[in-house]
Participant: 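Pasting a structure below so you can have a look.
Chain A is the first sequence line, chain B the second, and so forth, proteins listed ahead of strands; every chain is numbered from 1.
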There are 2 protein chains.
Amino acid sequence: MRNESKRRQSGCPIAFGLDTFGDRWSLLIVREIMLRGNKTYSEFLAAEEGISTNILIDRLKHLETEGIVEKNRDPDNRRSFVYSLTQKGRDLAPIILEIILWSGAHDHRPSALRDVLKKIENDREGFEAGLRAG
Amino acid sequence: MRNESKRRQSGCPIAFGLDTFGDRWSLLIVREIMLRGNKTYSEFLAAEEGISTNILIDRLKHLETEGIVEKNRDPDNRRSFVYSLTQKGRDLAPIILEIILWSGAHDHRPSALRDVLKKIENDREGFEAGLRAG
DNA sequence: CTATTAACTTGCAAAATGCAAGGTATAATC
DNA sequence: GATTATACCTTGCATTTTGCAAGTTAATAG
């Protein structure tokens with residue numbers, strides 16, 4: 001697991017952000033919660049990118065340590081846990097949004113999803129408010 | 001070097017972005033060019049985070065392959081090369097900006113730089129325009 | 001022509017990642 | 001109440017990436 005001793009002490013806000021979520025998986029977990037309403041380990045595991053179990057649990061623990069997600073028992077199902085975004089996690093919405101816009105402009109593969117982009121172009125503030133609300 | 005076969009084919013714009021710059025170093029190189037006016041290998045190497053030589057060259061090649069930076073001979077010094085942002089690279093400005101804002105709000109270490117934040121708060125559009133201009 | 005600078009390259013140990021299989025606790029089914 | 005299934009992990013191991021140190025090459029300065 002990426003431990004805290006790896007955090008860079010440059011004081012640079014970009015380095016701080018990268019130390020917190022700068023890897024191939026962390027923001028995809030945030031995406032699952034923020035854009036897709038997924039919230040359990042099994043739901044994250046089923047995401048089409050195919051994260052492996054050890055990496056998933058590592059990242060969930062890391063995001064929890066960083067105060068971006070919190071983990072609680074599902075009140076309706078005692079063998080399930082639900083992960084939700086904290087305020088700090090919801091505040092990632094503008095970053096997620098800008099990444100979507102950037103990729104929308106520069107990913108020219110035919111497979112690139114364009115429906116979300118249309119939505120954002122039509123009503124950016126509404127979309128962002130929706131992200132933050134969960 | 002992170003090769004293209006590692007690019008995920010989910011079509012998700014967030015995954016696309018992460019495949020392009022989702023690691024601990026790529027956006028720090030972009031920062032060097034965008035915020036600090038640095039543009040050579042040696043200048044990037046001197047950044048306070050201490051990137052190692054093999055990782056630096058690997059990321060520079062990757063960013064060049066991805067069309068985010070371009071490499072040209074320095075017209076004034078034939079043993080030096082200058083890296084500059086392409087349009088695609090300059091378009092990362094809003095992402096960089098949002099990461100700075102997020103870290104500004106959530107990095108509570110005393111070392112965290114606050115001067116840039118003030119600047120952004122006072123004139124966000126001006127700051128972003130400055131980023132894009134280089 | 002010697003020293004220095006800029007941009008790499010190489011070798012190797014340590015850490016992170018990815019894949020498959022195993023384990024435990026809760027819940028549903030027979 | 002025994003069996004099966006589900007949800008959430010844990011472990012082992014091979015592969016890949018990273019980080020550190022040292023070496024190389026080419027251009028320029030003295």
Side-chain angles (χ1 to χ4, degrees), chain A residues 1-10 15 18-29 32-33 38-66 69-84, chain B residues 1-10 15 18-29 32-33 38-66 69-84:
Chain A
M1 156 123 154
R2 215 166 68 207
N3 62 44
E4 283 317 285
S5 65
K6 287 249 171 174
R7 189 170 278 284
R8 290 168 286 206
Q9 298 299 328
S10 62
L18 293 176
D19 286 344
T20 310
F21 53 75
D23 66 83
R24 274 167 65 80
W25 295 108
S26 293
L27 287 183
L28 288 187
I29 295 174
E32 289 296 306
I33 308 177
N38 291 330
K39 48 191 187 303
T40 66
Y41 176 93
S42 334
E43 286 168 336
F44 304 149
L45 201 63
E48 68 267 41
E49 284 86 4
I51 189 168
S52 56
T53 57
N54 54 345
I55 303 294
L56 175 56
I57 196 66
D58 175 275
R59 290 305 183 280
L60 284 172
K61 283 175 183 168
H62 178 72
L63 289 172
E64 203 183 352
T65 301
E66 293 290 338
V69 304
E70 56 184 27
K71 178 184 178 182
N72 291 107
R73 279 199 174 280
D74 184 342
D76 301 329
N77 182 350
R78 277 186 50 72
R79 71 181 146 172
S80 194
F81 293 92
V82 289
Y83 291 88
S84 55
Chain B
M1 157 122 156
R2 216 165 68 209
N3 62 45
E4 282 318 284
S5 65
K6 287 248 171 175
R7 187 170 281 284
R8 290 168 286 207
Q9 299 298 329
S10 62
L18 293 176
D19 285 344
T20 311
F21 53 76
D23 66 83
R24 273 166 67 80
W25 294 108
S26 293
L27 287 184
L28 289 186
I29 296 174
E32 289 297 306
I33 308 177
N38 290 330
K39 49 191 185 306
T40 66
Y41 177 94
S42 335
E43 286 168 335
F44 304 149
L45 200 62
E48 68 266 41
E49 285 86 5
I51 189 168
S52 55
T53 57
N54 53 345
I55 303 294
L56 174 55
I57 196 67
D58 175 274
R59 291 306 182 279
L60 284 172
K61 282 175 182 165
H62 178 71
L63 290 172
E64 202 184 350
T65 301
E66 292 291 338
V69 304
E70 56 183 27
K71 178 185 177 182
N72 291 107
R73 281 199 174 278
D74 184 341
D76 301 329
N77 182 350
R78 276 185 48 74
R79 70 180 146 173
S80 196
F81 292 91
V82 290
Y83 290 89
S84 56

Participant: Say whether B/Glu48 and A/Ser10, considering side chains only, have a donor N or O and an acceptor N or O under 3.5 Å apart.
Facilitator: no
Participant: Rounded to whole angstroms, how far apart are CG on A/Asp23 and C1' on C/dA16?
Facilitator: 11 Å
Participant: Verify the contact: side-chain N or O of A/Arg59 to OP1 or OP2 of C/dT17, cut-off strictly under 4.0 Å; return yes or no.
Facilitator: yes
Participant: Once side-chain contact (heavy atoms from CB on, under 4.5 Å) is applied, do any residues pair with A/Asp76, and if so which ones, sequence neighbours excluded?
Facilitator: A/Asp74
Participant: Provide, to the nearest angstrom, the distance between the CG atom belonging to A/Leu45 and the C1' atom belonging to D/dA7.
Facilitator: 10 Å
Participant: In whole angstrom, give the distance that lies between atom CD1 of A/Ile55 and atom C1' of C/dG18.
Facilitator: 7 Å
Participant: Can you list everything that forms a side-chain contact (heavy atoms from CB on, under 4.5 Å) with A/Phe81? Sequence neighbours excluded, please.
Facilitator: A/Lys71, A/Arg73
Participant: If you restrict it to nitrogen or oxygen atoms, what contacts under 3.5 Å exist between nucleotides 19-24 of chain C and the protein, and what is each distance?
Facilitator:
| residue | atom | partner | partner atom | Å |
| --- | --- | --- | --- | --- |
| C/dC19 | N4 | A/Asn54 | ND2 | 2.8 |

Participant: Nearest whole angstrom, please: distance from the P of C/dA15 to the NZ of A/Lys6.
Facilitator: 8 Å
Participant: Of the nucleotides D/dA7, C/dC8, D/dG19, which has the atom closest to the B/Ile57 side chain?
Facilitator: C/dC8
Participant: Over how many whole Å does the gap from B/Asp58 atom CG to D/dC20 atom P extend?
Facilitator: 16 Å
Participant: Would you give the length of the straight line joining atom CD1 of B/Ile51 to atom CG of B/Leu56, rounded to the nearest 0.5 angstrom?
Facilitator: 4.5 Å
Participant: Could you grab the distance from atom NZ of B/Lys39 to atom OG of B/Ser80, nearest 0.5 Å is fine?
Facilitator: 8.0 Å
Participant: Calculate the interatomic distance between B/Tyr41 atom OH and D/dT25 atom P; express it in whole Å.
Facilitator: 16 Å
Participant: At a heavy-atom distance below 4.0 Å, what parts of residues 69-84 of chain B sit against DNA chain C?
Facilitator: B/Lys71, B/Arg79, B/Ser80, B/Phe81, B/Tyr83
Participant: Going by side-chain contact (heavy atoms from CB on, under 4.5 Å), name the residues that satisfy it together with A/Ser42, two or more places apart in sequence or in a different chain.
Facilitator: A/Thr40
Participant: Applying side-chain contact (heavy atoms from CB on, under 4.5 Å), name anything that partners B/Ser52, two or more places apart in sequence or on another chain.
Facilitator: B/Asn54, B/Ile55
Participant: Take atom NZ of B/Lys61 and atom C1' of D/dT17, then tell me their distance rounded to the nearest Å.
Facilitator: 16 Å
Participant: Are OP1 or OP2 of C/dT17 and a side-chain N or O of A/Trp25 less than 4.0 angstrom apart?
Facilitator: no
Participant: More 5' along DNA chain C: B/Leu60 or A/Ile51, using each one's nearest nucleotide?
Facilitator: B/Leu60
Participant: Distance from B/Asp23 atom CG to B/Arg59 atom CZ, nearest 0.5 Å?
Facilitator: 4.5 Å
Participant: For A/Arg8 and A/Asp19, work out which heavy atoms get closest and say how close.
Facilitator: N-OD2, 2.7 Å
Participant: Between D/dC8, D/dT10, C/dA7, which one does the side chain of A/Thr40 approach most closely?
Facilitator: D/dC8
Participant: Are A/Lys39 and D/dC8 close enough that a side-chain N or O sits under 4.0 Å from OP1 or OP2?
Facilitator: no
Participant: What's the CG-P distance between A/Leu56 and D/dT11, to the nearest Å?
Facilitator: 16 Å
